[in-house]
There are 2 protein chains.
Amino acid sequence: MTKPIQAIATGTRAAILEQAIPLFANIGFAGVSMREIAKAVGITPAALYYHFSDKETLYFEAMRYAYADQAESFKMALQLEVTPRQRLESFVLQLTQYLYDKPDFQRLMQRERLDGDEHRTKLLAEHLFQEQFKAMSELARELAPEFEPHLWAISIAGLVMYHIEAEHLRHHLPGWKQEHDDPRVVADHVLRFILQGVNID
Amino acid sequence: MTKPIQAIATGTRAAILEQAIPLFANIGFAGVSMREIAKAVGITPAALYYHFSDKETLYFEAMRYAYADQAESFKMALQLEVTPRQRLESFVLQLTQYLYDKPDFQRLMQRERLDGDEHRTKLLAEHLFQEQFKAMSELARELAPEFEPHLWAISIAGLVMYHIEAEHLRHHLPGWKQEHDDPRVVADHVLRFILQGVNID
DNA sequence: GTCTATAGCCTGATAGAC
DNA sequence: GTCTATCAGGCTATAGAC
């Protein structure tokens with residue numbers, strides 16, 4: 001319905017990436033054709049091949065473009081000079097809010113977990129998540145020393161992500177309420193769920 | 001490599017479904033062609049259309065077939081006449097083990113969360129998960145009355161599932177150890193993670 | 001039930017004009 | 001840079017023989 005001509009993008013290359021991202025996120029690599037992408041941008045398929053050598057390269061670049069601003073987003077939350085508990089709280093809140101605000105990014109992550117090859121998965125882990133994951137592991141050592149930091153950090157991330165990824169499914173499961181789709185309610189629940197198991201002074 | 005001709009299946013229809021399931025699970029609906037499925041079964045594409053009216057119907061029936069044995073699997077774990085804590089323990093253990101043992105099922109679930117339409121998602125929720133989800137919600141009331149049962153049950157399921165779904169990604173994140181791929185280690189961690197936050201007598 | 005053959009369309013990708 | 005035109009091949013699905 002909405003046809004938001006790119007306001008941010010300058011240049012055709014950026015416009016292509018910005019139109020391709022939601023298509024790949026919502027339909028997947030195999031489900032989207034170069035013709036569809038071209039149509040969304042308002043050019044012919046042939047023009048796509050001037051900017052990207054093939055479909056896979058376009059997909060790869062679309063991912064990199066979608067990730068571009070992400071790496072910066074969480075750094076601050078974890079590096080603040082505050083108590084460990086406050087760092088955990090701001091991390092959970094920020095992650096929840098981010099995933100709600102950027103559904104394309106969230107769905108691209110989800111698809112990579114299913115279809116990402118070794119190369120892309122490694123890139124994802126090392127260039128996007130590693131720094132935050134390290135900070136989370138450090139937090140684990142401070143807040144929950146009785147756990148493996150790696151497993152603990154995955155648990156935190158998984159808790160947040162699953163609530164969001166299962167949103168449609170949850171709507172048909174007993175006890176669902178409208179408010180459960182509110183990121184603040186999810187973040188609040190997840191935080192309480194974690195903190196009850198953590199040795200807070 | 002391995003070409004395990006169907007040993008369980010009796011009849012072509014079952015053979016088709018059994019060959020289609022891993023293909024859909026690993027590559028996805030849009031990524032798999034009727035030709036590929038036919039080739040895996042050892043028949044021609046035309047023969048598929050004798051058994052299933054079109055590709056979508058085949059996919060739908062393949063899902064139903066993959067789910068068929070699942071509904072029974074978890075019932076006992078939750079209906080045992082044991083303490084709530086023991087029911088939680090056997091649920092987490094059984095879910096973890098099941099997802100590791102049936103990667104096709106696990107991946108089909110993951111794909112449904114991404115691409116499932118309203119109809120399939122509802123079917124999934126109501127015919128497969130509802131009963132176990134209710135039992136989990138009941139468990140929540142007994143073990144963690146300070147939480148919303150719905151959100152608590154989702155958290156438990158999400159904890160287990162995310163560890164498994166993120167397996168490839170985890171391999172490239174700091175602190176990963178080989179043993180973290182062992183379902184018993186994951187189940188043990190998840191259980192401890194949950195139980196520390198639960199009021200056990 | 002399964003086959004051969006094929007219709008009709010869509011796909012990724014390229015050549016060459018502008 | 002973007003176009004028109006097009007190729008070669010893959011796709012779902014069907015018709016009709018056996």
The criterion is side-chain hydrogen bond (donor to acceptor under 3.5 Å, both in side chains); which residues satisfy it with D188(B), sequence neighbours excluded?
none
Qualifying residues under side-chain hydrogen bond (donor to acceptor under 3.5 Å, both in side chains), relative to K102(B), sequence neighbours excluded
D69(B)
Parallel, tilted or perpendicular, judged at 30° and 60°: which one describes the rings of H150(A) and H180(B)?
parallel
Counting only heavy atoms from other residues, nucleotides and ligands, does the tally under 6.0 Å from CZ of R141(B) exceed 12?
yes
Ring-ring centroid check F60(B) F52(B), cutoff 6.0 Å:
no
Check the distance between dC10(C)'s P and I37(A)'s CD1 and give it to me in whole angstrom.
17 Å
Round to a whole Å and report the spacing from CZ of R13(B) to C1' of dG1(C).
15 Å
Can you check whether Y50(B) has a side-chain N or O nearer than 4.0 Å to OP1 or OP2 of dG1(C)?
yes
Tell me, for nucleotides 7-14 of chain D in 5' to 3' order, what letter each nucleotide earns: B for a base near a protein heavy atom under 4.0 Å, S for only sugar-phosphate near one, - for neither?
----BBBB
Between H189(B) (side chain) and L151(A) (backbone), is there a donor-acceptor pair under 3.5 Å?
yes
Hey, is the side chain of T44(A) poking within less than 4.0 Å of OP1 or OP2 on dT4(D), counting only N and O atoms?
no
Could you tell me how far apart L48(A) (CG) and dT11(C) (P) are, to the nearest whole angstrom?
13 Å
